[in-house]
Number of protein chains: 2
Amino acid sequence: MKLKEFAHQLGLSPTTVSRALSGYPEVSEKTRQRVAEEAVRLGYRPNINAVRLVTGRAGAIGAVMGRKGEFQFSEFMIGMAERLDGEDIDILVSPMAEQETRDEIQIYSRLVTSGRVDAIIVHSPRPDDERIRLLHKLGVPFLVHGRSETEVPHAWLDIDNEGAIRRATSHLLDLGHRRIAMINGGAGYTFSIHRDKGYRDALEERGIAFDPRLVVHGHFTDELGFRFARSLLEQSPRPTAFVAGSMMTALGVYRAVRSRGLVVGRDTSVIAHDDVFPYLTAENMVPSLSATRSSIRAAGARAADLVLQLLGGRPADEIHELWPVELILRESTGPAPAEARS
Amino acid sequence: MKLKEFAHQLGLSPTTVSRALSGYPEVSEKTRQRVAEEAVRLGYRPNINAVRLVTGRAGAIGAVMGRKGEFQFSEFMIGMAERLDGEDIDILVSPMAEQETRDEIQIYSRLVTSGRVDAIIVHSPRPDDERIRLLHKLGVPFLVHGRSETEVPHAWLDIDNEGAIRRATSHLLDLGHRRIAMINGGAGYTFSIHRDKGYRDALEERGIAFDPRLVVHGHFTDELGFRFARSLLEQSPRPTAFVAGSMMTALGVYRAVRSRGLVVGRDTSVIAHDDVFPYLTAENMVPSLSATRSSIRAAGARAADLVLQLLGGRPADEIHELWPVELILRESTGPAPAEARS
DNA sequence: GGTACTTGTCAAAACGATTTCAATTTAATT
DNA sequence: AATTAAATTGAAATCGTTTTGACAAGTACC
């Protein structure tokens with residue numbers, strides 16, 4: 001059913017119908033009412049591609065999913081959906097295939113210059129991020145989830161990774177731990193760098209030397225957590241505490257600790273960063289997991305909101321949001337074993 | 001840069017340029033070459049929305065993400081991306097918000113009648129699924145990931161849930177287990193029903209009575225696994241084996257077993273269904289987890305492939321694919337404890 | 001050299017909406 | 001009743017492509 005036909009059936013012109021449906025003021029309330037009702041009854045819906053062409057708006061927000069299919073991604077999207085519900089804006093996901101033939105920059109470039117999306121959300125930025133420079137050059141609105149030091153102005157929403165890890169580490173130090181290992185995210189990402197800094201600052205504050213062998217960078221998999229924790233626990237002196245970058249690495253650490261016959265929360269303390277997943281909760285782990293917590297779903301919702309503001313004309317360099325992170329202490333953290341205290 | 005301007009710069013007509021870029025035969029190789037080169041050099045790219053309007057194709061495949069933000073979803077999408085890489089087809093994700101104002105059917109309806117997508121992938125179907133009937137009525141190509149008994153013809157790709165669980169259960173029976181609990185997916189979904197059937201058939205084969213108290217339905221969360229396993233393990237006689245519907249529920253079961261001072265693989269056997277995630281592997285669990293395995297990422301890739309075939313004109317009722325599921329035995333399964341044997 | 005057939009090119013007509021600008025109707029005021 | 005202002009409506013232009021049908025130039029054949 002096309003506009004022309006629909007309008008004809010109503011005995012109105014396409015113009016009036018279009019106006020009635022888009023809520024323009026110059027159409028009488030009575031007419032608007034009738035049009036709205038009939039549209040539902042006859043099942044008329046504007047062809048989105050015609051609308052897009054004429055308005056120049058794509059009606060979609062783009063998100064490029066990392067090559068590794070991070071498990072956090074869907075939660076973030078659910079959050080976006082919550083905000084976008086009823087807005088008539090789609091989420092266009094361009095996942096990068098494992099062995100992608102195009103490079104990342106090309107994907108962004110295509111997304112924008114072909115007019116597929118009105119705005120883009122950039123995940124896992126680096127301090128110097130080429131994507132940000134590209135999007136700025138292309139003049140498309142975009143929001144960075146995380147932060148970057150790229151010189152061009154850009155809107156961002158980030159959590160206080162540095163503060164979170166500093167507090168987590170400090171807390172462990174308070175408990176008497178001295179050899180604290182950290183499982184960070186992939187090297188080079190801003191959030192990893194911030195976490196590194198939080199960790200090192202906490203140590204420095206107490207005058208404890210930084211030992212690079214206690215830190216590892218990598219993807220958030222249970223395997224990384226297990227292998228790294230396992231190999232450290234075999235050494236002597238072994239670390240008495242771990243800071244894990246994600247729930248998955250924490251699972252790996254728990255396993256490693258157990259497999260050495262040690263007990264989490266007594267022999268080895270663990271704090272992880274928890275993005276709050278419905279399917280895996282820190283509270284429920286045994287022992288329950290102390291965590292720095294920040295809902296990635298809430299971040300998704302807010303991100304969508306900020307993008308809408310961006311599309312509404314709010315300047316990008318005005319949008320900088322840094323969320324504090326909760327530290328929730330549970331059973332996985334306890335005083336350092338006496339023999340390990342210095 | 002628009003087609004008209006671009007063509008003018010080349011001294012050609014828009015027609016010729018368009019044809020050259022879309023690979024039509026009636027343009028000389030020399031011209032085509034030149035056009036292609038200049039397009040790259042000048043950065044011309046057709047406005048996708050104009051193309052969509054005139055061709056009537058949306059250039060996107062839709063997927064509606066469940067309300068719960070299932071963690072399997074992103075893996076499936078990565079698989080799709082792998083196949084779609086280079087096809088110039090997007091993935092449009094419509095996640096349902098937690099408290100969605102529209103109902104599910106409306107989402108599908110909007111997606112299709114407004115011309116946002118060329119095809120749709122339906123997840124988690126039910127035996128009698130209204131969405132399938134709707135999509136058939138609307139005449140849009142769609143592929144069901146899973147199966148349904150809905151009377152209208154439809155393309156589907158599914159794994160052999162029934163066979164997988166039957167074999168898993170049979171194997172546990174072979175090991176002497178008699179009280180075998182099962183954590184299934186949400187009630188009402190076809191895959192849950194198939195799994196139930198596989199479970200019951202295996203029992204029946206040995207003449208073992210089905211005990212409904214040993215089965216639970218619900219979302220795949222660690223919490224469900226933990227609570228259910230925990231409460232069963234408190235009873236007497238307690239089950240000696242668990243069949244878990246997912247890796248997450250398996251984690252919960254492991255915890256429950258441990259928290260009762262029991263040992264997985266010795267006192268309590270566990271088999272789970274493993275969709276193969278990069279961030280959480282059955283092999284790495286301690287003890288390593290016996291599992292029925294089928295890569296959901298591979299399914300995503302194949303699904304995309306089948307959708308392309310559908311779009312290419314292959315009839316839907318010709319596309320029915322049932323994938324076998326591997327059963328991989330590891331350390332979490334062992335003989336039933338002697339005292340529990342009947 | 002004329003006919004027939006390719007090839008390569010182009011002008012113009014879609015595609016289905018929105019929006020500008022002008023025209024009409026209705027209401028309000030004198 | 002005439003004039004003016006306000007409220008509705010509509011015709012036509014527009015968005016940036018693809019594609020149809022026509023046309024010219026080049027090649028092959030008799």
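When reading the values below, keep in mind they use all heavy atoms of this one structure, side chains included, and skip hydrogens, waters and symmetry mates. In what follows, chains are A, B, ... by sequence order, proteins preceding strands, each numbered from 1.
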Which nucleotide wins on minimum distance to the side chain of A/Ser28, given the candidates D/dT9, D/dT19, D/dT18?
D/dT9

Would you indicate what A/Tyr44 reaches in the nucleic acid, counting non-hydrogen atoms under 4.0 angstrom: base, sugar-phosphate, or nothing?
sugar-phosphate

Choosing from D/dT18, D/dT19, C/dT18, which nucleotide comes nearest the side chain of B/Val54?
D/dT18

Should the ring pair A/His145 and A/His123 be called parallel, tilted or perpendicular, given that the plane angle runs from 0 to 90° and is split at 30 and 60?
perpendicular

Just say parallel, tilted or perpendicular for the rings of A/Tyr279 and B/Phe71, cut-offs at 30° and 60°.
tilted

Rounded to the nearest 0.5 Å, how far does CG of A/Asp118 lie from CD1 of A/Ile61?
8.0 Å

By nearest atom, which of the nucleotides C/dC10, C/dA17, D/dT9 is closest to the A/Lys2 side chain?
C/dA17

OP1 or OP2 of C/dC10 less than 4.0 angstrom from a side-chain nitrogen or oxygen of B/Ser13, does that happen here?
yes

Taking only Lys NZ, Arg NE, NH1 and NH2, and the carboxylate oxygens of Asp or Glu, determine whether B/Arg133 and B/Glu151 approach each other closer than 4.0 Å.
yes

Nearest-Å distance, OH (A/Tyr24) to P (D/dT9)?
16 Å

Ignoring backbone atoms, test whether B/Thr31 places a side-chain nitrogen or oxygen under 4.0 Å from the OP1 or OP2 oxygen of C/dG8.
no

Less than 4.0 angstrom between a side-chain N/O of B/Ser18 and OP1 or OP2 of D/dT17, yes or no?
no

Identify which nucleotide among D/dG21, C/dG16, D/dT9 has an atom closest to any side-chain atom of A/Arg19, counting heavy atoms from C-beta outward.
D/dT9

Closest approach to the side chain of B/Val51, judged atom by atom: which nucleotide of C/dA17, D/dT9, D/dT18 is it?
D/dT18

Taking the side chain of B/Thr55 as its heavy atoms from C-beta onward, which of C/dT9, C/dA17, D/dT18 lies nearest to it?
D/dT18

Nearest nucleotide by nearest heavy atom, which residue falls closer to the 5' end of DNA chain C, B/Val27 or B/Leu53?
B/Val27

Before we go on, tell me: are the rings of B/Phe142 and B/His136 under 6.0 Å apart, centre to centre?
no

NA contact type, A/Arg52, heavy-atom cut-off 4.0 Å: base, sugar-phosphate, or nothing?
nothing

Base, sugar-phosphate, or nothing for A/Leu12, non-hydrogen atoms under 4.0 angstrom?
sugar-phosphate

